[in-house]
Amino acid sequence: LTKTMLSELDAAICVSHINKENLTLRSAIDPRKIYVISNAVNTSNFTPNPGLRYPLNKINIVILSRLTYRKGLDLIVNIIPRL
């Protein structure tokens with residue numbers, strides 16, 4: 001059913017090349033119809049000011065994500081104490 005429904009698409013947008021590959025394999029959509037627009041911060045438009053960091057000499061880690069295993073939050077929990 002999913003393959004049939006998705007075969008009618010004019011185009012699809014994925015957030016990564018891996019996502020595109022998975023969609024291509026699972027839905028039989030022509031990969032030329034799938035475009036990748038990455039979730040990212042354009043550092044030429046956004047550059048944080050280190051002078052505004054508070055408290056000084058500390059690392060702030062911000063994660064915007066769903067709380068699901070596949071997002072790798074378990075890895076972050078293990079890495080943070082080492083920082």
Side-chain angles (χ1 to χ4, degrees):
L1 180 62
T2 301
K3 283 185 180 183
T4 303
M5 291 173 55
L6 293 176
S7 67
E8 299 297 320
L9 290 178
D10 293 324
I13 298 173
C14 294
V15 296
S16 70
H17 291 283
I18 294 294
N19 188 233
K20 175 180 177 176
E21 184 179 327
N22 287 336
L23 184 61
T24 302
L25 293 172
R26 294 178 181 174
S27 65
I29 296 174
D30 180 350
R32 294 174 295 183
K33 291 184 173 184
I34 305 173
Y35 300 89
V36 176
I37 301 176
S38 301
N39 291 329
V41 173
N42 184 341
T43 56
S44 64
N45 294 334
F46 173 77
T47 305
N49 181 346
L52 298 176
R53 183 182 294 168
Y54 182 81
L56 295 176
N57 301 319
K58 295 259 180 163
I59 297 172
N60 297 309
I61 299 173
V62 178
I63 301 169
L64 300 174
S65 175
R66 289 189 315 265
L67 296 175
T68 60
Y69 178 78
R70 71 186 188 113
K71 294 291 186 176
L73 292 175
D74 58 315
L75 301 174
I76 287 291
V77 169
N78 292 326
I79 292 170
I80 288 175
R82 297 180 198 164
L83 298 176

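Computed from a predicted structure; not experimentally measured.
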(Q) Please determine whether residues Val15 and Val36 belong to a single hydrophobic cluster, defined as Ile, Leu, Val, Met, Phe, Trp and Tyr linked transitively by side-chain heavy-atom distances below 4.5 Å. (A)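 The answer is no; the residues belong to distinct hydrophobic clusters.
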Got a second to check how far [X]'s [atom1] is from [Y]'s [atom2], nearest 0.5 Å?
X	Y	atom1	atom2	answer
Ile18	Leu23	CD1	CG	13.0 Å
Leu73	Asn78	CG	CG	11.0 Å
Asp30	Thr24	CG	OG1	8.0 Å

Once side chain to side chain donor-acceptor pair (under 3.5 Å) is applied, do any residues pair with Asn19, and if so which ones, sequence neighbours excluded?
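Asn19 satisfies side chain to side chain donor-acceptor pair (under 3.5 Å) with no other residue.
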- Message: Within the supplied structure, the quantity of interest is the number of heavy atoms (other residues, nucleotides, ligands) at a distance under 6.0 Å from Asn49 CG; does it exceed 12?
- Response: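 It does: Asn49 CG has more than 12 such atoms within range.
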Sequence neighbours excluded, which residues qualify as salt bridge (charged side-chain N to carboxylate O under 4.0 Å, His left out) partners of Arg70?
->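 Per chain and number, Arg70 pairs via salt bridge (charged side-chain N to carboxylate O under 4.0 Å, His left out) with no residue.
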